[in-house]
Trainee: 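Next up is a structure, given as structure tokens.
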Amino acid sequence: MSQQFWKPGSEKPRILEDEEGGVVFFGPPLSSAASSSSRFGYASIGSQRQRLPVYKYRTAILYLVETHATTIIVGETGSGKTTQIPQYLKEAGWADGGRVIACTQPRRLAVQTVASRVAEEMDVKLGEEVGYTIRFEDVTNPAATMIKFLTDGVLLREIMNDPLLTKYSVIMVDEAHERSISTDILLGLLKKIQRRRPELRLIISSATIEAKSMSDFFQTSKKHRGPEDHEFVPRKVPAILSVEGRGFNVHIHYVVEPVSDYVQATVSTVLSIHEQEPAGDILVFLTGQDDIDTAIRLLTEEAHASRKISSGLIVLPLYSSLPRADQDLVFSPTPRGKRKVVISTNIAETSLTLEGVVYVVDSGFSKQQFYNPISDIENLVVAPISKASARQRAGRAGRVRPGKCYRLYTEEYFVNEMSSVGIPEMQRSKLVSCVIQLKALGIDNILGFDWPASPPPEAMIRALEVLYSLGVLDDDAKLTSPVGFQAAEIPLDPMISKMILSSNQLGCSDEIITIAAILSIQSIWVSGRGVQKELDEAKLRFAAAEGDHVTFLNVYKGFLQSGKSSQWCHKNYMNYQAMKKVIEIREQLRRTALRLGIVLKSCEGDMLAVRKAVTAGFFANASRLEAFSHNGMYKTVRGSQEVYIHPSSVLFRVNPKWVIYHSLVSTDRQYMRNVMTVDPSWLTEAAPHFFQHQRTPDSIVH
Ligand code: ADP
Ligand code: MG
């Protein structure tokens, strides 16, 4: 079955709509320098750099940064914002005298790839002049690093130790249009920092036009008491620069009828492009690892069935937890006579640049976090994207020559039903981590904080409530000492932090750190498709009656005993890369714990201690098996939500009466992932206040 797309009349292409106004175009571009490189037959990296759209604005950018406290730069993806601007700043001397230029990204994978790209362009070793830091991984050299790429979350953590971020001369907050929760907090804090450090320069860069509201946000900055009219103080009014793209036209094709199965529709669309269209790579936007894997399997099967097709296709996945070697494949040039198909999450929407893409297939969906403060449930769900995202996705097809974008939704839907912009993450997330961070930064009036987008008050109140019950905040909503301050130091969900802190008293910190490390990895098992039976058998070899947390300890022990062997992992259907990551994270956590005065101590097999420590952090995630349930239905103690044990848990079908879970995922139902049995009396013991207003567990036990 091949997908039917509407082709506009006779050859009349639908051209990408122009974005709305609101942007000041600055200065005449310096055009002469840009073309000088074209006389070279091969493009050296230097001449490649000069051909990027931002190059024409190099002087303008440097001038604006010099003269304005904040510069907002809008430019299409691929125009060179991320890789070039930090280099221009360095060339202009912003990294002299030991100062550092920072460039933040919302995504870890983007941090790593852009940092290596920039190191390559500058012909330096990654980790020296150019470095990067992501959570659990610091590839910088404080004595040498001049340009540092980092996630916005990591920069937030740095503010805790250096409230004015004194080592940075310029901070570029990149991909601001994504409006990640950390970006929003960061923008609020940077605005404050700027008042204390008038010499600090900010660059806010983004791929879409929200420049006006961003500019308003920075403009309303309260009167500051600095030397306002001193000649070296930059202007307070933000400058806005729009870098014109060099994108080619993209023809948009819509489906005639809504599709029922977007994965299947993706596969047939890719195959018909491959059969009917001239050379050029295909970029497909799906939502996550699961549907990407399914699409790849279907595509490989169908291409195989028709041998004519299979010869020319290279099908590759792209998502953030992909191992490094597989990432490199995605970015390497397509061999002659072949066609690359990259099937990606929305990570390829703006933060990464793929060369050679001519066709884009847009499913119209992405995975998004939604939080319901009433039920206190946070879900990663497949949800429709916004028009702004759809335009970004289409734009990826016009990088090298005119391209085509196949939207797997109708034009009517695009025009009438798609929302124009997405909802900032701040307004659809759980705010526990956000609140604890702000508290640690001494921001007491969180509701009155100057946010780029205000978070819902219910979500704030929920977060305060949870932190209070964890003993992290006191009656005045101040961080408690030492628990609150210690929990804020640990770069993990406060529930995990609390679990680690409690393990110290319970004498099982060694085990709990292992569990914390494994819980921060998506999964330690290989993806189950096609090997489900073998995987289940492998799990049984480690399964513990107490549940997944204790099972993790068995797995970790086995891995150590095997001498951290990749073959051992392979034999046991375990993901070797993930296990190596666990070891790394564990080491980081060990060091963090040590800083907090926690020396690792093993409980030597006393699983009661381990389970109590887990309960101390996760009591709020307790649920109870429904008395007459035949299908394993549980109700959460908190909000009486209907939940089930996830099939990946070792307690699946075992259905003990009382459990606590690490997280919920919702597909057809709400599933509890990583589940452990508990004794209900531990819950009231761990958090008497918390259960006071609920039906107390004891009163429900018959
Ligand atoms: P922007 O941030 O404006 O989206 P980038 O600075 O990320 O743009 O990319 C600019 C250009 O640099 C891209 O168009 C591409 O030509 C090149 N580039 C970036 N990253 C890589 C990479 N990993 N490999 C090869 N080329 C790259
Ligand atoms: Mg970029």
Side-chain angles (χ1 to χ4, degrees), residues 34 37 42-58 61 71-90 101-123 126 130 132 147 149-152 172-178 180 183 203-209 211 241-248 281 283 316 318 322 324-334 340 342 344 346-358 389 391-393 395-401 403:
S37 58
Y42 282 96
S44 65
I45 276 195
S47 68
Q48 270 180 34
R49 286 188 59 196
Q50 296 186 359
R51 273 198 240 141
L52 290 172
V54 287
Y55 183 71
K56 288 198 263 175
Y57 298 86
R58 187 180 184 279
I61 292 169
T71 304
I72 296 164
I73 300 180
V74 184
E76 227 173 83
T77 304
S79 54
K81 301 180 300 296
T82 312
T83 56
Q84 305 308 305
I85 295 172
Q87 294 188 69
Y88 299 162
L89 295 169
K90 188 207 146 245
I101 297 155
C103 177
T104 70
Q105 301 285 314
R107 299 158 194 274
R108 299 157 56 93
L109 177 57
V111 169
Q112 292 170 308
T113 44
V114 294
S116 13
R117 171 69 184 178
V118 171
E120 188 190 337
E121 288 189 7
M122 287 170 58
D123 196 19
L126 184 61
V130 179
Y132 72 88
I147 299 178
F149 290 92
L150 67 178
T151 53
D152 29 28
M172 170 161 161
V173 180
D174 203 2
E175 305 283 325
H177 62 271
E178 285 212 15
S180 80
T183 304
I203 296 177
I204 317 289
S205 51
S206 113
T208 54
I209 301 200
L241 174 78
S242 173
V243 175
E244 95 210 2
R246 57 154 187 208
F248 295 90
D281 293 342
L283 173 60
L316 301 168
L318 179 60
L322 201 65
R324 202 49 182 275
D326 293 342
Q327 289 169 29
D328 291 345
L329 282 180
V330 170
F331 293 102
S332 63
T334 311
K340 190 155 71 180
V342 176
S344 175
N346 63 352
I347 190 163
E349 197 174 288
T350 58
S351 43
L352 296 175
T353 304
L354 296 172
E355 290 299 306
V357 172
V358 178
S389 283
R391 291 189 183 113
Q392 284 298 326
R393 290 180 172 191
R396 310 275 57 73
R399 301 240 333 117
V400 282
R401 56 186 163 87

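Both ligands and their constituent atoms are indexed starting at 1 by order of listing. If you're wondering where the values come from, they're calculated on a predicted model, not measured in any experiment.
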Trainee: Checking the side chain of His177 only, and the main-chain atoms of Ser206 only, is there a donor and an acceptor separated by less than 3.5 Å?
Mentor: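 Judged by distance alone, no pair lies under 3.5 Å.
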Trainee: Looking at non-hydrogen atoms alone, which of Thr83, Ile85, Val118, Thr82 comes nearest to atom 12 (O) of ligand 1?
Mentor: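 It is Thr83 whose heavy atom sits nearest to atom 12 (O) of ligand 1.
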Trainee: Determine whether a donor-acceptor pair (N or O, by modelled atom type, separation under 3.5 Å) exists between the side chain of Arg399 and the backbone of Gly356.
Mentor: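 Not confirmed, Arg399 side chain does not pair with Gly356 backbone.
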Trainee: Which bit of Thr353 is near ligand 1, meaning a heavy atom under 4.0 Å away: side chain, backbone, both or neither?
Mentor: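 The answer is the side chain of Thr353.
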Trainee: Please determine which of Asp152, Asp174, Val111, Val173 meets the side-chain contact (heavy atoms from CB on, under 4.5 Å) test together with Pro106.
Mentor: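 The passing option is Asp152.
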Trainee: Please confirm whether Thr113 approaches ligand 1 to less than 4.0 Å, judged on its heavy atoms.
Mentor: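 Heavy atoms of Thr113 never come under 4.0 Å of ligand 1.
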Trainee: Out of all atoms in ligand 1, which are within 4.0 Å of some heavy atom of Glu355? Include the element for each.
Mentor: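 Close to Glu355: 13 (C), 14 (O), 15 (C), 16 (O).
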Trainee: Between Arg117 and Phe149, does a side-chain contact (heavy atoms from CB on, under 4.5 Å) hold up when you go through it step by step?
Mentor: CA-CA 11 Å; Arg117 171 69 184 178; Phe149 290 92; over 6 Å; no
Trainee: Before giving the answer on salt bridge (charged side-chain N to carboxylate O under 4.0 Å, His left out), spell out for Arg107 and Glu178 the whole-Å C-alpha distance, their side-chain angles and the decisive distance to 0.1 Å.
Mentor: CA-CA 10 Å; Arg107 299 158 194 274; Glu178 285 212 15; 3.2 Å; yes
Trainee: Looking at Thr77, which atoms of ligand 1 are within less than 4.0 Å of one of its heavy atoms?
Mentor: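 Checking each atom against Thr77, I get 4 (O).
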Trainee: Going by heavy-atom distance to atom 20 (N) of ligand 1, choose the closest among Glu121, Arg117, Arg51, Glu120.
Mentor: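 It is Arg117 whose heavy atom sits nearest to atom 20 (N) of ligand 1.
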Trainee: Whether the Glu175 and Thr183 side chains hold a donor-acceptor pair (N or O, under 3.5 Å, no angle test) is what I'd like checked.
Mentor: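 There is no such pair between these side chains.
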Trainee: Please determine if the Mg ion (ligand 2) has an N/O/S atom from Thr82 lying under 2.8 Å away.
Mentor: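 Of the N, O and S atoms in Thr82, at least one lies under 2.8 Å from the Mg ion (ligand 2), which means yes.
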Trainee: Return a yes/no value for Val114: is any of its N or O atoms, backbone included, closer than 3.5 angstrom to an N or O of ligand 1?
Mentor: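 By distance alone, the answer is no.
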Trainee: Please indicate whether any nitrogen or oxygen in Arg399 is less than 3.5 Å from any nitrogen or oxygen in ligand 1.
Mentor: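 Among all N and O atoms of Arg399, at least one is under 3.5 Å from an N or O of ligand 1.
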Trainee: Please could you name the atoms of ligand 1 that Glu76 approaches to less than 4.0 Å, counting only its heavy atoms?
Mentor: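 Result: 3 (O).
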Trainee: Are any of the heavy atoms in Gly80 under 4.0 Å away from ligand 1?
Mentor: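 Yes; Gly80 lies near enough to ligand 1 that a heavy-atom distance drops under 4.0 Å.
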Trainee: Side chain, backbone, both or neither: which applies to Leu352 and ligand 1 if a contact is any heavy-atom pair less than 4.0 Å apart?
Mentor: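 Within the 4.0 Å criterion, Leu352 makes no contact with ligand 1.
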Trainee: Going from CZ on Phe331 to CG on Leu354, what distance comes out if it is rounded to the nearest 0.5 angstrom?
Mentor: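 That separation rounds to 5.5 Å.
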Trainee: Return yes if a side-chain donor-acceptor contact under 3.5 Å exists between Gln84 and Glu121, otherwise no.
Mentor: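 Yes, because at least one side-chain N or O of Gln84 sits under 3.5 Å from a partner of the opposite role on Glu121.
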Trainee: Among Ile72, Ile73, Val74, which one satisfies side-chain contact (heavy atoms from CB on, under 4.5 Å) with Ile204?
Mentor: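 Option passing the side-chain contact (heavy atoms from CB on, under 4.5 Å) with Ile204: Ile72.
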Trainee: State the atoms of ligand 1, each with its element, that fall below the 4.0 Å cut-off from a heavy-atom position in Ser79.
Mentor: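 In order of number, 1 (P), 3 (O), 8 (O).
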Trainee: Counting only nitrogen or oxygen atoms and a 3.5 angstrom limit, does Lys81 reach ligand 1?
Mentor: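 Min N/O separation from ligand 1 is below 3.5 Å for Lys81.
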